[in-house]
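Here is the structure we will look at.
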Amino acid sequence: MTARKNMGRAKRILLLLLVLGFFFATYNLVRMIIHHKGFHSGGWVANGLELFDPVIRIPGKVMISRNSNSKFHVALTATDAPYSQWQSRIMYYWYKKVKEMPGSEMGKFTRILHSGSPDKLMDEIPSFVVDPLPEGLDRGYIVLNRPWAFVQWLEKAVIEEEYILMAEPDHAFVNPLPNLAHGTQAAGFPFFYIKPAENEKIIRKYYPEEGPVTNVDPIGNSPVIIKKSMLEEIAPTWVNVSLQMKDDPETDKAFGWVLEMYAYAVASALHGVRHILRKDFMLQPPWDLEVGKKFIIHYTYGCDYNLKGELTYGKIGEWRFDKRSHLSGPPPRNIPLPPPGVPESVVRLVKMVNEATANIPGWDTLTSS
């Protein structure tokens with residue numbers, strides 16, 4: 001137990017980066033962290049030996065057994081902007097590709113469209129239209145619409161599955177995903193930059209002193225697999241906490257672009273919901289180097305390399321793939337593969353994007369809602 005705690009401490013201080021704007025990812029901080037820490041090939045390196053245990057923490061004493069109804073509904077929140085549309089199309093392509101593979105426990109799929117009106121993808125992707133927040137309430141922070149979208153969808157939609165996976169458009173299923181949740185124990189991915197204990201002063205504005213701050217899990221809402229009945233209880237609180245946090249200048253400044261993630265973590269804790277922390281839930285190129293047995297590729301960070309296959313920090317590479325390069329329309333088909341020496345995770349991502357774009361009809365024509 002002591003060894004696991006020590007490993008956990010080392011892992012939590014491994015990386016420190018923030019995406020500071022919608023258009024550009026921040027690399028320099030990550031360079032310094034990577035330089036000083038031993039991260040390699042999807043595992044943690046100690047004395048030259050690679051260690052990998054996918055489960056960071058199972059809260060409490062839980063009997064791990066299969067769920068009676070283990071299928072989960074895949075739900076992603078999205079807008080009708082071209083940037084969101086092309087990512088959603090790739091995500092849905094890979095959902096269909098892996099859904100029936102051995103080991104998958106995926107159920108049906110819904111794109112929860114919080115733009116308020118149907119778009120051109122309604123016939124291509126199963127979609128459910130909900131309203132955005134009232135004008136001005138999100139203060140330009142569009143992801144505040146996410147919890148409100150889930151509230152509306154859960155109230156109005158017919159959802160057959162007992163569990164729900166909350167996902168995002170820039171997720172691509174790289175391996176068949178089983179139900180990682182167990183009973184009332186939800187499953188989530190631990191983000192290194194969600195640090196409730198280090199932000200206790202702010203967290204206590206929303207989470208009472210009676211509960212230890214460690215009850216607030218280091219997660220966001222996505223990816224999370226959770227019982228539908230539990231999410232129905234959490235979602236309204238998630239909305240309220242998000243808006244309260246955004247309305248508080250100290251909290252808004254401290255949490256920035258991850259504010260809504262903290263809000264979900266706090267809302268879950270307020271309802272007594274804990275998450276099994278699974279670091280194999282997803283990988284994030286270029287920092288995770290290998291795919292291995294992980295389940296989701298999250299391509300939120302830009303991948304920039306020189307022609308020697310070296311990652312270039314804070315600098316546009318001679319070869320690059322960055323989703324933010326395609327804000328107004330989809331990336332082209334047949335993106336050139338990265339140069340030799342680039343990690344397998346990046347190569348796999350580009351191959352997956354290329355396969356999807358080659359097989360999605362009308363890929364180049366959908367440029368607006």
Side-chain angles (χ1 to χ4, degrees), residues 71-130 142 149 153 157-161 164-177 222-223 282 285 291 295-300 302-303 319-338 345-369:
K71 290 283 188 181
F72 57 87
H73 195 105
V74 179
L76 75 151
T77 52
T79 73
D80 61 2
Y83 177 70
S84 180
Q85 287 180 327
W86 69 256
Q87 293 174 54
S88 298
R89 300 178 89 189
I90 291 174
M91 199 269 199
Y92 185 56
Y93 173 87
W94 284 103
Y95 158 81
K96 292 188 294 181
K97 182 93 172 180
V98 305
K99 180 179 182 292
E100 304 303 331
M101 290 182 179
S104 167
E105 292 181 307
M106 296 178 181
K108 293 183 179 179
F109 184 103
T110 300
R111 179 184 62 134
I112 307 172
L113 182 64
H114 56 76
S115 300
S117 59
D119 66 359
K120 291 183 178 180
L121 294 181
M122 302 299 292
D123 293 333
E124 179 179 331
I125 303 176
S127 301
F128 192 94
V129 179
V130 297
I142 195 169
W153 178 63
V158 176
I159 307 164
E160 298 176 359
E161 296 84 355
I164 291 170
L165 164 66
M166 292 187 283
E168 297 179 24
D170 61 354
H171 289 176
F173 296 104
V174 69
N175 281 312
L177 178 60
S222 174
M282 71 180 186
V291 174
F295 301 109
I296 294 171
I297 287 184
H298 181 212
Y299 54 97
T300 189
C303 300
W319 181 94
R320 79 178 328 226
F321 177 76
D322 187 340
K323 66 176 186 176
R324 294 167 186 82
S325 299
H326 309 285
L327 296 175
S328 59
R333 288 186 167 106
N334 296 316
I335 297 170
L337 292 179
S345 62
V346 179
V347 176
R348 184 76 170 272
L349 168 61
V350 175
K351 287 182 176 180
M352 290 178 69
V353 170
N354 283 345
E355 179 180 331
T357 60
N359 289 281
I360 296 175
W363 176 256
D364 299 317
T365 60
L366 186 64
T367 57
S368 65
S369 61

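Every value quoted in this text rests on a predicted model; they were computed, and no experiment measured them.
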Nearest-0.5 Å distance that lies between atom CD in Gln87 and atom OG1 in Thr300:
8.5 Å
Side chains of Pro169 and Met91: closer than 4.5 Å at any heavy-atom pair?
no
For Ser345 against Val291, the heavy-atom pair lying closest together:
CA-CG2, 4.1 Å
Test your reading of the model: is there a side-chain donor-acceptor pair from Trp363 to the backbone of Pro332, 3.5 Å cut-off?
no
Would you check if Pro336 and Phe321 make a side-chain contact, meaning some heavy-atom pair closer than 4.5 Å?
no
Parallel, tilted or perpendicular, as decided by the 30° and 60° cut-offs, for the rings of His298 and His171
perpendicular
Does any pair with a residue in residues 165-177 pass salt bridge (charged side-chain N to carboxylate O under 4.0 Å, His left out), and if so which ones, sequence neighbours excluded?
Arg146-Glu168, Asp170-Lys323
Residue pair Arg333 / Asn354: nearest heavy atoms and the distance that separates them
C-OD1, 4.4 Å
Kindly determine whether Phe173 and Lys99 satisfy side chain to side chain contact (heavy atoms under 4.5 Å, CB included), including the steps that lead there.
CA-CA 9 Å; Phe173 296 104; Lys99 180 179 182 292; over 6 Å; no
Return the set of residues passing salt bridge (Lys or Arg N to Asp or Glu O under 4.0 Å) with Lys351 (not counting sequence neighbours), or none when no residue passes.
none
Output for pair (Ser104 OG, Phe72 CZ), nearest 0.5 Å, gives 6.0 Å
Is there any salt bridge (charged side-chain N to carboxylate O under 4.0 Å, His left out) pair reaching into residues 107-118, and which pairs are they, with sequence neighbours excluded?
Lys108-Glu160, Arg111-Asp119
Could you tell me if the side chain of Ile90 sits less than 4.5 Å from the side chain of Met352, heavy atoms only?
no
To the nearest 0.5 Å, tell me how far Lys96 NZ sits from Phe109 CZ.
9.5 Å
Within the structure provided, determine whether Leu177 and Val98 are in side-chain contact (heavy-atom separation under 4.5 Å).
no
Given 3.5 Å as the limit, does a donor-acceptor pair link the side chain of Thr365 with the main chain of Gly362, or not?
yes
Looking only at heavy atoms, what is the nearest atom pair of Pro223 and Met282, with distance?
CD-SD, 3.6 Å
Testing the basics here: between Asp80 and Leu113, what is the closest heavy-atom pair and its distance to 0.1 Å?
N-CD1, 3.7 Å
Distance-minimising heavy-atom pair for Leu76 and Ser88
CD1-OG, 3.9 Å
Can you tell me how far the CG atom of Leu165 sits from the OH atom of Tyr95, to the nearest 0.5 Å?
10.5 Å
Is the closest side-chain heavy-atom distance between Ile159 and Phe128 below 4.5 Å?
no
Rounded at 0.5 Å granularity, tell me how far CE in Met166 sits from OG in Ser222.
7.5 Å
Quick one: does any side-chain atom of Trp153 pair with a main-chain N or O of Thr110 as donor and acceptor, under 3.5 Å?
no
When rounded to the nearest 0.5 angstrom, what distance separates CD1 in Ile360 from OH in Tyr92?
11.0 Å
Do Pro330 and Thr357 have side chains that approach each other closer than 4.5 Å (heavy atoms only, starting at C-beta)?
no
Minimal non-hydrogen separation, Ala149 against His114, with atom names
CB-CB, 3.9 Å
Between Trp94 and Ile297, is there a side-chain heavy-atom distance shorter than 4.5 Å?
no
